Amino acid sequence: MPPKKRSELLSEALENLIASSSDIDGAGVVGVDGLVYSAHVPQRGLDVDMVGAVSAAVLGLSKRSVGQLNRGDFAQTMIQGSNGNIIVANLNPETIFVALTPPSVNLGMAFAEVRSMIAALNEIL
């Protein structure tokens, strides 16, 4: 059996996260240019390409904001909405991780899962 491709490993990692988490209900690995490498967004009507584009835009604004306010290097940002949250975090200089959460999430657990997922994804990348 041939070794799995990186895209398959990313897809499996995201699928496992969604299946095992009560705090994250959608996730993706996105290039800083908005290109989606892998995503699992089970919500109906949610376009994966839009997830990539929005994630890249959030990253750009967050990096500029952190720099302009002398807060060091960008690590992650969270946007809260009435139907849930968006967490965007650095994986490496070329790639970001985006997590979608329900509105009633335990943020501490969600952030812990994001950190754990980042470590696992960086091993794949």
Side-chain angles (χ1 to χ4, degrees):
M1 188 163 145
K4 291 185 179 180
K5 295 178 183 178
R6 187 178 303 170
S7 60
E8 292 172 314
L9 295 172
L10 289 173
S11 180
E12 285 178 6
L14 294 175
E15 190 175 314
N16 290 338
L17 171 68
I18 304 304
S20 66
S21 175
S22 61
D23 299 305
I24 297 175
D25 56 13
V29 176
V30 179
V32 296
D33 59 356
L35 178 66
V36 177
Y37 297 128
S38 184
H40 282 274
V41 286
Q43 296 91 340
R44 288 186 195 176
L46 193 57
D47 181 6
V48 172
D49 291 329
M50 183 60 72
V51 170
V54 168
S55 299
V58 168
L59 174 71
L61 180 58
S62 297
K63 280 185 167 182
R64 280 192 304 278
S65 299
V66 167
Q68 289 172 344
L69 297 175
N70 298 322
R71 301 293 97 191
D73 295 327
F74 170 78
Q76 75 179 20
T77 192
M78 183 185 77
I79 299 172
Q80 291 182 302
S82 59
N83 291 334
N85 307 301
I86 306 162
I87 301 170
V88 176
N90 263 349
L91 279 171
N92 58 45
E94 298 86 32
T95 317
I96 54 179
F97 174 69
V98 59
L100 306 175
T101 74
S104 60
V105 70
N106 176 329
L107 288 175
M109 288 301 296
F111 289 142
E113 288 183 357
V114 166
R115 284 190 301 272
S116 174
M117 194 65 193
I118 287 171
L121 290 170
N122 272 323
E123 287 184 24
I124 295 170
L125 294 173

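Here the structure is a predicted model, which means the values were calculated and not measured.
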Interatomic spacing from [atom1] in [X] to [atom2] in [Y] - rounded to 0.5 Å:
| X | Y | atom1 | atom2 | value |
| --- | --- | --- | --- | --- |
| Gln80 | Thr101 | CD | OG1 | 8.0 Å |
| Asn85 | Thr77 | CG | OG1 | 11.0 Å |
| Met78 | Phe111 | CE | CZ | 4.5 Å |
| Gln76 | Ser62 | CD | OG | 10.0 Å |
| Glu123 | Ile118 | CD | CD1 | 13.0 Å |
| Glu113 | Asn106 | CD | CG | 9.0 Å |

Following the transitive rule for hydrophobic clusters with a side-chain heavy-atom cut-off under 4.5 Å over Ile, Leu, Val, Met, Phe, Trp and Tyr, establish whether [X] and [Y] coincide in one cluster.
| X | Y | answer |
| --- | --- | --- |
| Leu100 | Val36 | yes |
| Ile18 | Val48 | no |
| Val98 | Leu121 | no |
| Val58 | Met50 | yes |
| Leu61 | Leu59 | no |

Could you tabulate the donor-acceptor pairs under 3.5 Å formed by side-chain atoms of residues 86-94, not counting sequence neighbours?
{"from": "Asn90", "atom 1": "ND2", "to": "Phe74", "atom 2": "O", "distance (Å)": "3.1"}
{"from": "Asn92", "atom 1": "OD1", "to": "Glu94", "atom 2": "N", "distance (Å)": "2.9"}
{"from": "Asn92", "atom 1": "OD1", "to": "Thr95", "atom 2": "N", "distance (Å)": "2.9"}
{"from": "Asn92", "atom 1": "OD1", "to": "Thr95", "atom 2": "OG1", "distance (Å)": "3.1"}

Nearest heavy-atom neighbours spanning [X] and [Y]:
| X | Y | answer |
| --- | --- | --- |
| Leu9 | Ile124 | O-CD1, 3.6 Å |
| Ser22 | Pro102 | O-CG, 4.2 Å |
| Ser55 | Ile96 | O-CD1, 3.6 Å |
| Val114 | Ile24 | CG2-CD1, 4.0 Å |

### Message
When you compare the side chain of Leu17 with that of Phe97, does any pair of heavy atoms fall below 4.5 Å?
### Response
yes

### Query
Should Val29 and Leu14 count as side-chain neighbours, where that means a heavy-atom distance under 4.5 Å?
yes

### Sidechain-backbone polar pair: Ser11 side chain, Ser7 backbone, donor-acceptor under 3.5 Å
no

### Message
Suppose the criterion is salt bridge (charged side-chain N to carboxylate O under 4.0 Å, His left out): which pairs have a residue in residues 12-41, not counting sequence neighbours?
### Response
Lys4-Glu12

